[in-house]
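To keep things clear, I will list the structure first and then write my remarks on it.
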2 protein chains.
Amino acid sequence: MDTVLRAELTARGIAPDCVETIGLVRDVLARVGDKWTVLIVTELASGPMRYTALHEKVSGISQRMLGHTLRALHRDGLVTRTAYPEVPPRVEYELTALGRSLAQAVDHLVLWVRAHQPAIAANREVFDTAG
Amino acid sequence: MDTVLRAELTARGIAPDCVETIGLVRDVLARVGDKWTVLIVTELASGPMRYTALHEKVSGISQRMLGHTLRALHRDGLVTRTAYPEVPPRVEYELTALGRSLAQAVDHLVLWVRAHQPAIAANREVFDTAG
DNA sequence: CAGGATCCAATCGGATACTG
DNA sequence: CAGTATCCGATTGGATCCTG
């Protein structure tokens with residue numbers, strides 16, 4: 001998490017481990033909330049997949065962002081990366097147990113959104129037209 | 001949600017309402033994952049609060065971002081904004097039922113993070129030192 | 001095939017100044 | 001008190017090119 005926030009929270013007298021948690025929560029939420037993570041994890045939920053397959057399935061993603069996102073997921077231990085020593089090279093990505101458990105946690109949120117999507121859409125409509 | 005993504009998903013033959021959901025999920029996750037939303041919602045969870053109080057409690061936030069975030073939350077119907085016709089003016093923000101239900105859904109994720117924080121930290125450690 | 005490196009546009013977010 | 005407007009640096013993300 002970012003140092004500035006930690007300092008600010010600490011200054012407010014919040015317990016250190018609580019500070020740590022708030023920061024990491026935002027961290028994880030930011031990861032999950034970024035442009036591609038949910039789409040990638042959704043694809044991987046159905047099984048291991050190689051780089052190019054992901055690139056095709058997650059339509060519209062650039063190589064750069066696919067690489068960045070996979071690396072971040074790998075760093076956090078949410079996916080495994082397996083490179084087979086072949087020619088041409090083959091690399092497979094797969095959700096770890098941790099990754100699947102996160103996917104499940106995210107599912108709650110997905111369900112919430114599915115359930116309340118009409119309400120949010122309606123609220124926005126009202127807000128945008130009326131104020 | 002953004003038009004480009006919608007077009008891409010539609011082109012992949014994904015059902016329209018599914019496309020809508022994926023987009024909105026990312027939308028909501030992005031909102032929840034942004035820099036300040038969780039902190040603000042956490043503060044509001046304990047009851048209604050006025051602008052300045054929030055500005056003090058959510059330490060480090062700029063007026064700009066507090067205003068922007070509150071406006072976004074209000075637009076989605078997650079908080080109410082009540083202005084009292086007094087001098088000096090008084091404005092109170094409060095979570096709506098929808099907002100509280102979202103906060104609860106987010107809580108699942110928060111619990112997940114609390115539970116798996118050590119694992120993630122360890123994974124990052126390994127990744128950063130070893131590769 | 002897998003993906004890193006570079007360059008650039010768009011967006012995010014902070015500091016400051018100003019208004020009803 | 002409760003914001004909005006402006007300016008600007010920082011970050012995000014896409015396009016393209018290059019390599020083992």
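Chain naming here is simple, since letters A, B, ... match the order of the sequence lines and numbering starts at 1 in each. Nothing here was measured: the structure is a model prediction, and the numbers come from that model.
- Under the 4.5 Å side-chain heavy-atom criterion for Ile, Leu, Val, Met, Phe, Trp and Tyr, B:Phe127 and A:Leu70 are members of distinct hydrophobic clusters.
- OP1 and OP2 of D:dA15 both lie 4.0 Å or more from every side-chain N or O belonging to A:Ser62.
- Checking the phosphate oxygens (OP1, OP2) of C:dG3, no side-chain nitrogen or oxygen of A:Arg71 falls inside 4.0 Å.
- The nearest whole Å value for the distance from the NE2 atom in B:His74 to the P atom in D:dG3 is 11 Å.
- Applying the 4.0 Å criterion to OP1 and OP2 of D:dT4, one finds that B:Tyr51 has every side-chain N and O outside that range.
- Sequence order on DNA chain C of the closest nucleotides to A:Gly67 and A:Pro89 puts A:Pro89 first from the 5' end.
- Ring geometry, A:Tyr51 versus A:Tyr93: the interplanar angle falls from 30° to 60°, so the pair is classed tilted.
- Here the closest non-hydrogen pair linking B:His55 and B:Ser62 is NE2-C, 4.1 Å.
- The nearest whole Å value for the distance from the CD atom in A:Glu92 to the C1' atom in C:dG3 is 16 Å.
- Distance from the side chain of A:Asp34 is smallest to D:dG13 among D:dG13, C:dG14, C:dG3.
- The base of D:dC17 is paired with the side chain of A:Gln63 by a donor and an acceptor separated by under 3.5 Å.
- Going from atom CZ of B:Arg31 over to atom P of C:dG13 covers 11 Å, rounded to whole Å.
- Rounded to a whole Å, the CG atom of B:Leu66 is 16 Å from the C1' atom of D:dA5.
- The CD1 atom of A:Ile40 sits 13 Å away from the C1' atom of C:dG3 (whole-angstrom rounding).
- Of all nucleotides listed (D:dG13, D:dC1, C:dG3), C:dG3 comes nearest to the side chain of A:Val91.
- Taking the centre of each ring, A:Trp112 and A:His108 stay at or above the 6.0 Å mark.
- Taking the side chain of A:Arg50 as heavy atoms from C-beta on, and the options C:dG3, C:dC1, D:dA2, the nearest nucleotide is C:dC1.
- Put simply, the residue from A:Leu78, A:Val58, A:Leu54 that forms a side-chain contact (heavy atoms from CB on, under 4.5 Å) with A:Leu44 is A:Leu54.
- With rounding to whole Å, B:His68 atom NE2 is found 13 Å from D:dG3 atom P.
- Atom CD in B:Glu56 sits roughly 14 Å away from atom P in D:dG3 (whole-Å rounding).
- Listed pair B:Arg64 / D:dA5 fails the phosphate criterion, with no side-chain N or O lying under 4.0 Å from OP1 or OP2.
- Considering only side-chain N and O atoms, A:Lys35 lies nowhere under 4.0 angstrom from the phosphate OP1 or OP2 of C:dT11.
- Between A:Leu70 atom CG and C:dC1 atom C1' the separation is 14 Å, expressed in whole Å.
- Backbone-only engagement by B:Tyr93 is indicated by non-hydrogen atom pairs under 4.0 Å involving sugar-phosphate atoms exclusively.
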